[in-house]
Student: 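Sending over a structure as C-alpha cells; questions will come in a sec.
We count ligands from 1, going down the list as the structure has it; atoms in each ligand are counted the same way. Computed from a predicted structure; not experimentally measured.
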Amino acid sequence: MVKGCLFDLDGVIVDTAKYHYIAWRDLAKKLGFEFTEKDNERLKGVSRMASLEILLEVGGIKGLSDDEKQRLAAEKNENYVKLISQMTPDEVLPGAADFLKQLRTAGIGVALGSASKNAMTILNRLQLTPLFDAIIDGTKVSKAKPDPEVFLKGTEALGLQPSECVVFEDAAAGIEAAIAGGMRCVGIGSPEILGKANLVVNGLYEMNLEKLKLE
Ligand code: B16
Ligand code: MG
C-alpha cells in the first residue's frame, strides 16, 4: 500500500524552467554567446553549479577559477530570484494542487524532493507550503539526482520505508534516483525519456488515488 508521495518541483508542480532559462540566457549574453531553449533542456533537474558548467561548455568558456564560477552562479541566481518573487498561485501546473489535497485527505504523506535551493520561495509564492508534510530541497542534500539522497531523506522525514512511497518526477535522473532508492515512480512527460518509471502520465491532472496503486 502506498503511504507516501514524494514530488519533484520544477516540471511536476510548476514550470520554473522558463525562469531558469531567462536568467541563464541573460548570463550567456553577458558572457558573449547565445544560449538556446534547446540548450536549456540539459539543465532540467540539474543543480545550479552543474548547470553553470553546462552553460560554460555551450559557450566554449574554459579555465575560470572557482571564485569566478561562484560569482557567475550567484549573479544568475539573483536574476532568477527576482523573477520567481513575482510568481502567483495560478502558475501551479494543472491538477497539482487538487492531487496533493486528495492525498492529504486520504492520509497519505506528502513530501517535496527538489534540487532547488529556492524551493521554499517558490512554494510560498504558490501558496502550496501547507500541503507538504516534509520539504527536502537543495539546501538539505549534498548529492544530486540520480543519487537517491533527496528522496530517501523525504521518506525518512515522513517516517516511512522507501517501498511504501511513490516518487513523481519529470527528469530521467530523478526516475533513476527513485529506483536506486527502492521507490516506485511516476514519470511526468514523455515515455521515451521516462520509460523506466512504473507509470508515465502527461501531468498530475491525470493522477488519482486509483492510479496510485500502480497495478
Ligand atoms: P536552484 P527540480 C531543479 O529543480 C531545476 O530543474 C534545475 O533546472 C535547477 O538548476 C535546480 O533545481 C537548482 O535550482 O538554482 O534554484 O537551486 O526539478 O529538482 O525541482
Ligand atoms: Mg524536475
Student: Looking at atom 7 (C) of ligand 1, what's its closest protein heavy atom, distance included?
Tutor: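 Of the protein heavy atoms, Val46 O, 3.3 Å lies nearest.
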Student: Do you know the tightest heavy-atom contact between Leu152 and Thr155?
Tutor: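 So the two residues come closest at O-OG1, 2.8 Å.
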Student: Any N or O on Asp10 sitting closer than 3.5 Å to an N or O of ligand 1?
Tutor: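 Yes.
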Student: With heavy atoms of Ser116 as the reference, note each atom of ligand 1 found under 4.0 Å away.
Tutor: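 What qualifies from ligand 1 is 1 (P), 12 (O), 13 (C), 14 (O), 16 (O), 17 (O).
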Student: Please give me the minimum heavy-atom distance between Ala97 and Val92, naming the atom from each residue.
Tutor: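 Scanning both residues, the minimum pair turns out to be N-CG1, 4.1 Å.
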Student: Within a distance under 4.0 Å of any heavy atom of Leu9, pick out the atoms of ligand 1 and give their elements.
Tutor: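 Near Leu9, the atoms of ligand 1 are 20 (O).
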Student: Going by distance alone, is a donor N or O of one side chain under 3.5 Å from an acceptor N or O of the other, for Glu41 and Tyr21?
Tutor: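 There is no such pair between these side chains.
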Student: What part of His20, side chain from CB on, backbone N/CA/C/O, both or neither, has a heavy atom under 4.0 Å from ligand 1?
Tutor: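 For His20, the contact with ligand 1 is made by the side chain alone.
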Student: Are Asp26 and Lys76 close enough for a salt bridge, meaning some N to O gap below 4.0 Å?
Tutor: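 Not counted as a salt bridge, because no side-chain N and carboxylate O are separated by less than 4.0 Å.
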Student: Of the protein's non-hydrogen atoms, which lies at the shortest distance from atom 18 (O) of ligand 1, and what is that distance?
Tutor: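 Nearest protein contact, heavy atoms only, for atom 18 (O) of ligand 1 is Asp8 OD1, 2.9 Å.
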Student: Report the atom name of the nearest N/O/S atom of Asp170 relative to the Mg ion (ligand 2).
Tutor: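 Nearest N/O/S atom of Asp170: OD1.
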Student: Is there any N or O on Asn118 that sits under 3.5 Å from an N or O of ligand 1?
Tutor: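 Yes; the residue has a nitrogen or oxygen that sits under 3.5 Å from a nitrogen or oxygen of the ligand.
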Student: Of the protein's non-hydrogen atoms, which lies at the shortest distance from atom 19 (O) of ligand 1, and what is that distance?
Tutor: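 The answer is Ala115 N, 2.7 Å.
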Student: Before moving on, can you tell me the angle at the Mg ion (ligand 2) between the OD2 atom of Asp8 and the O atom of Asp10, to the nearest 10 degrees?
Tutor: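 The OD2/O angle about the Mg ion (ligand 2) sits at 90°.
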Student: In the protein, what heavy atom is nearest to atom 8 (O) of ligand 1, and what distance, to one decimal place, separates them?
Tutor: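 Nearest protein contact, heavy atoms only, for atom 8 (O) of ligand 1 is Leu43 O, 2.9 Å.
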Student: If you have a sec, work out which protein heavy atom is nearest atom 17 (O) of ligand 1 and how many Å separate them, to one decimal?
Tutor: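 For this ligand atom, the closest protein heavy atom is Lys117 N, 2.7 Å.
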Student: Give the atom numbers and elements of ligand 1 that come within less than 4.0 Å of a heavy atom of Lys145.
Tutor: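 What qualifies from ligand 1 is 19 (O).
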Student: With the threshold set at 4.0 Å, does a side-chain nitrogen-carboxylate oxygen contact exist between Glu57 and Lys62?
Tutor: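 No, no charged N to carboxylate O under 4.0 Å.
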Student: Quick test: of every protein heavy atom, which one is nearest to atom 15 (O) of ligand 1, and how far off is it to 0.1 Å?
Tutor: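 Looking only at protein heavy atoms, the one closest to atom 15 (O) of ligand 1 is Arg48 NE, 2.8 Å.
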Student: Would you mind running through ligand 1 and noting each atom that sits below 4.0 Å from a heavy atom of Ser51?
Tutor: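 Those atoms are 10 (O).
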Student: In Å, rounded to the nearest 0.5 Å, how long is the span from CZ of Phe35 to CG of Leu27?
Tutor: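 Interatomic distance, Phe35 CZ to Leu27 CG, rounded to 0.5 Å: 9.5 Å.
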Student: What protein heavy atom sits nearest atom 20 (O) of ligand 1, and how far away is it?
Tutor: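 Protein heavy atom with the smallest distance to atom 20 (O) of ligand 1: Ser114 OG, 2.8 Å.
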Student: So for ligand 1, is Tyr80 a polar contact partner (N or O within less than 3.5 Å, distance only)?
Tutor: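 So ligand 1 has no N or O lying under 3.5 Å from an N or O of Tyr80.
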Student: Run the salt-bridge test on Arg184 and Glu164 with the 4.0 Å N-O cut-off and return the result as yes or no.
Tutor: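 Salt bridge flag = no for Glu164 with Arg184.
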Student: Below 3.5 angstrom, do we get any N/O pair linking Gly113 and ligand 1?
Tutor: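 N/O-N/O distance under 3.5 Å: no.
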Student: Indicate whether the side chain of Ser114 and that of Asp137 have a donor and an acceptor atom separated by less than 3.5 Å.
Tutor: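 No pair is found: no donor N or O on one side chain lies under 3.5 Å from an acceptor on the other.
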Student: Please report the closest heavy-atom contact between Ala180 and Pro146, naming both atoms and the distance.
Tutor: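 Of all heavy-atom pairs spanning Ala180 and Pro146, the closest is CB-O, 4.3 Å.
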Student: Looking at Asn124 and Met120, would you say the former's side chain and the latter's main chain have a donor-acceptor pair under 3.5 Å?
Tutor: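 It does hold such a pair.
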Student: Would you please determine whether Gly45 falls within less than 4.0 Å of ligand 1 on a heavy-atom basis?
Tutor: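 True for this residue.
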Student: Where does the angle between the aromatic ring planes of Phe7 and Phe168 fall among parallel (under 30°), tilted (30 to 60°) and perpendicular (over 60°)?
Tutor: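 Geometry flag for Phe168 against Phe7: parallel rings.
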Student: Looking at Glu176 and Lys145, is there a salt bridge between them, counting it only when a charged N and a carboxylate O are closer than 4.0 Å?
Tutor: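 No, Lys145 and Glu176 are not salt-bridged.
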